[in-house]
Amino acid sequence: MISTRKGNYFAEGRYLKYDIAEGTIHSRRGTRICALTTDFLIGLRKAIIDECGGAAEEVMISCGVRWGRAFARRFSRDLEDHFESRIDELTVATLESCAVEAFSHHGFGKLDIDWSRHDIGLILVSIGTPIYGDLLGQADQPVDSVLSGVLAGFFSELTGEDLGCIQTQCVACGDAESRFVIGLSGRLDLIPEGTSHDKVVEHLATSTT
Amino acid sequence: MNKKISKLIYDADGRYLTPQECKLITDFASGFQGRFAAAREVEEHEEKIVTTAIATTRSAYPNFENFHEAGYSKCFRDMQLVLRYNVQAMVFCDVDGMNDKVLYWLRTILSGTCQTPKLISDAYTNLRAACQESLSDSTFALMDVPLSNTIEVLSDVPEPHVAAV
């Protein structure tokens, strides 16, 4: 059992402050927050697809990466303030728990991080109720490109490494949960599209690059 | 805020409270003196309660600190925090609030540090037992609901790949 001293930074009723008179929502550290509706999120995705065509996937990942990096920077500042210590002084378990709560309370979905393959440089993430996977319902291929980008950006910023993320399962495609594999960008680029989650991990475990 | 009261206020939007609803709020408010007294009693016995719980846990899990540097000192601070949130949950009859404010988050940490469900259950069962031993019957009766919830929530973790206990 690891010392915590303070409770959940993101707890309901504490993290978000509503000023109805001003029409604003701020985080407890003063960051302006805006709630995005289903209509906006679906519209945004459709607009990117319509405008960018074949490049839409790459654009959404790129947006996600920028968003994820900014999210990680704010996350780090918030926690450093709250725990009164540097982010790299917190235990991985504490960081993980805070990340799970941050993602939940921002509406990204319920994060579950599997560190068991850290020995081969992989972080495996499952997300129940991911944004687009949940909203779009049915699809022929994975639809959480933005979330892939967010995860890549978030963990890249925290680790100081250039990490990529590929989605290997998707709730919109009928899987029980959406799953992602995070690792060094160069390694993930070599994975053929549509490879199953277990095959991706197996391939990366045996590859020498 | 107590969720039942919050929901009542929400449901009463745009109308007057019914006599039954007024009674519910009155009963909740009238219990504060007793719950404040119970909270003071727990505060007075906190050191003894947590020390006893840690000592009992340590005797059952002597190898814990082989895996976690200063593990039991840190555990003391965790249990102290959890006990204080339990008291708040008791005072405001808000176990759900405690779960959100600390237990779900702490549970992820415990799982991340490869604690076993049994260790966690035993440790917080020891906390509950220490409360029962140190507190008056009436105070313990009030604390039992959040404490039992704490044991159930915190120990609801999967078995770790490699146990660190």
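Throughout, protein chains are lettered first and strands after them, A, B, ... in sequence-line order, and every chain is numbered starting at 1. Just so it is clear, the model here is predicted, and its values are computed rather than measured.
Counting heavy atoms from C-beta on, the side chains of Asp114(A) and His161(B) come closer than 4.5 Å. Side-chain contact between Arg107(B) and Val100(A) is absent, with no heavy-atom pair separated by less than 4.5 Å.
The environment of Arg29(A) atom CZ is dense: over 12 non-hydrogen atoms of other residues, nucleotides or ligands sit within 6.0 angstrom. The 12-atom threshold is not exceeded at NE2 of His118(A), counting heavy atoms of other residues, nucleotides or ligands nearer than 6.0 Å. Counting non-hydrogen atoms of neighbouring residues, nucleotides and ligands closer than 6.0 angstrom, the NZ atom of Lys199(A) reaches no more than 12 such neighbours. By the neighbour-count criterion of 12 heavy atoms within 6.0 Å, atom CG of Asn63(B) is densely surrounded, having more than that number from other residues, nucleotides or ligands. No more than 12 heavy-atom neighbours from other residues, nucleotides or ligands sit within 6.0 angstrom of CD on Gln141(A). Summarising the local packing, CD of Glu89(A) is surrounded by more than 12 heavy atoms from other residues, nucleotides or ligands at distances under 6.0 Å. Within a 6.0 Å sphere centred on CG of Asn66(B), other residues, nucleotides and ligands contribute more than 12 heavy atoms.
Here the closest heavy-atom approach between residue Ser97(A) and residue Thr108(B) is recorded as OG-CB, 3.3 Å. The two residues Trp105(B) and Cys98(A) come nearest to each other via the heavy atoms NE1-SG, 3.4 Å. Taking both residues in full, the closest heavy atoms of Leu81(B) and Gly7(A) are given as CD2-N, 4.2 Å, listed atom of the first, atom of the second, then distance. Of all heavy-atom pairs spanning Gly112(B) and Glu96(A), the tightest one is CA-OE1, 4.1 Å.
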Could you walk me through whether Asp96(B) and Glu12(A) pass side-chain contact (heavy atoms from CB on, under 4.5 Å), step by step? CA-CA 11 Å; Asp96(B) 288 338; Glu12(A) 205 65 29; over 6 Å; no
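Within the 4.5 angstrom heavy-atom criterion, no atom of Phe67(B) approaches chain A.
Between the CG atom of Asn8(A) and the CD1 atom of Ile109(B) there is a distance of 9.0 Å, given to the nearest 0.5 Å.
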